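Since the structure comes first, as structure tokens, the remarks are kept for the end.
Nothing here was measured: the structure is a model prediction, and the numbers come from that model. These numbers come from the heavy atoms of this one structure, side chains and all, not from hydrogens, waters or symmetry mates.
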Protein chains: 2
Amino acid sequence: MDADKVFKALGDPTRRRLLDLLCEQNGQTLSQLCENLDMARQSATQHLDLLEAANLVSTVKRGREKLHFINPVPLHEVYERWVRKFERQRLSLLHDLKQELEGEDQ
Amino acid sequence: MDADKVFKALGDPTRRRLLDLLCEQNGQTLSQLCENLDMARQSATQHLDLLEAANLVSTVKRGREKLHFINPVPLHEVYERWVRKFERQRLSLLHDLKQELEGEDQ
DNA sequence: TTGACATGCAGGTATTTACCTGCATATTAT
DNA sequence: ATAATATGCAGGTAAATACCTGCATGTCAA
């Protein structure tokens, strides 16, 4: 997994919107996705290419259509390998705060 | 919380490295952080400004020094509000896969 | 088979971004 | 007081990015 590609892909609001759309209904065509976007089809294609490069989206051709499927695995891996570390810090900060408050009670 | 600023901030490897460094040792000065970066101090400042704008880092001035503290809360909020949704999808895909495999056994 | 439809491909442009250098200011230590 | 240290501020540049238009190709349906 290329974490950098995943983070870069998530860094753009249009691409996050695309993932949201696919989360609502998986397997949509390019045209379907474009209906919800307000930009040229070619621009949407470029965004989808980046999502595909980050392995966040997989595609299948069906006749003249291209179907897009979301792949949540890289998102999960990024969370496990990177975000979780800060989660621990967050909890320990909460713990420290609690200790401090308890200390003030006495 | 401005999710866009958070995602944008995380989209750059230097800024993720800065968060990593602060996770190892919180409250570092600008100079300390720069020792681990391999770019001009002024460039690091710009990255830290973005992290601060995204509320991922807070700073305190101590004399002529500027101390940087990590704030894991926005990261947690982004996870809760955005990533978790795809987590559910991931689990349901695993569930579907399991169903399918069990079906093939018969 | 021919017209409509879905997508691919090849540029072109304006904005954003990630760097840099040079100099100014503020604080500490000798 | 003065030198060293830590940071701030103001541009300037090259590359990346997010758009676009125009045209080509492939597929379906009447």
Side-chain angles (χ1 to χ4, degrees), chain A residues 2-22 24-71 74, chain B residues 2-22 24-71 74:
Chain A
D2 187 335
D4 193 49
K5 282 187 183 174
V6 175
F7 277 111
K8 277 264 169 57
L10 296 178
D12 181 90
T14 300
R15 290 192 285 272
R16 290 198 304 279
R17 174 105 176 91
L18 282 166
L19 290 180
D20 278 334
L21 289 170
L22 288 179
E24 286 172 18
Q25 186 192 336
N26 214 357
Q28 294 188 64
T29 67
L30 175 57
S31 304
Q32 279 179 298
L33 291 169
C34 283
E35 285 170 15
N36 295 285
L37 273 195
D38 195 43
M39 64 175 57
R41 170 183 57 81
Q42 291 89 334
S43 307
T45 300
Q46 291 177 326
H47 285 298
L48 286 165
D49 286 346
L50 285 190
L51 288 171
E52 203 169 349
N55 200 28
L56 286 162
V57 161
S58 302
T59 60
V60 178
K61 293 221 70 173
R62 186 183 63 187
R64 64 183 161 180
E65 293 174 321
K66 189 175 190 180
L67 308 184
H68 298 78
F69 297 89
I70 197 170
N71 177 19
Chain B
D2 187 334
D4 192 49
K5 282 187 183 175
V6 175
F7 277 111
K8 277 263 168 60
L10 296 177
D12 181 89
T14 300
R15 290 192 285 272
R16 291 198 302 280
R17 174 105 176 91
L18 282 166
L19 290 179
D20 278 334
L21 290 169
L22 288 179
E24 286 172 19
Q25 187 192 335
N26 213 357
Q28 293 188 65
T29 67
L30 174 57
S31 304
Q32 279 180 299
L33 291 168
C34 282
E35 284 169 17
N36 295 286
L37 273 196
D38 195 44
M39 66 174 53
R41 171 183 54 82
Q42 292 89 335
S43 308
T45 298
Q46 290 177 327
H47 286 298
L48 286 165
D49 285 347
L50 285 190
L51 287 172
E52 204 171 347
N55 201 28
L56 287 162
V57 162
S58 303
T59 61
V60 177
K61 293 220 71 173
R62 187 184 62 187
R64 64 182 162 182
E65 293 175 321
K66 189 174 188 181
L67 307 184
H68 298 77
F69 296 89
I70 198 171
N71 177 18

Output the rounded distance in Å from [atom1] ([X]) to [atom2] ([N]).
X       : N      : atom1 : atom2 : value
B/Lys66 : C/dA26 : NZ    : P     : 15 Å
B/Leu10 : C/dA18 : CG    : P     : 13 Å
A/Asp4  : C/dA18 : CG    : C1'   : 14 Å
A/Glu65 : D/dT25 : CD    : P     : 22 Å
B/Lys8  : C/dA18 : NZ    : P     : 10 Å
A/Leu30 : D/dT25 : CG    : P     : 19 Å
B/Arg41 : C/dA26 : CZ    : C1'   : 13 Å
B/Leu48 : D/dT7  : CG    : P     : 10 Å

Using only side-chain N and O atoms of [X], determine if any of them is under 4.0 Å from OP1 or OP2 of [N].
X       : N      : answer
B/His47 : C/dT17 : no
A/Lys61 : C/dA6  : no
A/Thr29 : C/dA6  : no

Could you work out which one of [options] sits closest to the side chain of [X]?
X       : options                : result
B/Thr14 : D/dC19, C/dC19, D/dG22 : C/dC19
A/Ser31 : C/dT7, D/dT7, D/dA18   : C/dT7
B/Gln42 : C/dA18, D/dG8, C/dA10  : D/dG8

Flag for B/Glu52-B/Thr59: side-chain donor and acceptor within less than 3.5 Å: yes

Along DNA chain D (nearest heavy atom to each residue), the more 5'-positioned of A/Arg62 and A/Leu50: A/Leu50

Qualifying residue for side-chain contact (heavy atoms from CB on, under 4.5 Å) with A/Leu56, from A/Leu18, A/Leu10, A/Asn71, A/Ile70: A/Leu10

Partner of A/His47 under side-chain contact (heavy atoms from CB on, under 4.5 Å), chosen from A/Asp12, A/Leu37, A/Leu33: A/Asp12

hbond_proxy B/Arg64 side chain to D/dT5 base (donor-acceptor, 3.5 Å cutoff): yes

Donor-acceptor contact below 3.5 Å, side chain B/Gln28 vs main chain B/Leu67: no

Residue whose nearest DNA chain C nucleotide is more 5′ - B/Met39 or B/Gly63: B/Met39

Test salt bridge (charged side-chain N to carboxylate O under 4.0 Å, His left out) applied to B/Lys8 and B/Asp4, step by step: CA-CA 6 Å; B/Lys8 277 263 168 60; B/Asp4 192 49; 3.8 Å; yes

Sugar-phosphate, base or nothing in reach of B/Arg15, heavy atoms under 4.0 Å: sugar-phosphate

Touch class at under 4.0 angstrom, heavy-atom based, for A/Ser43 against every strand present: base

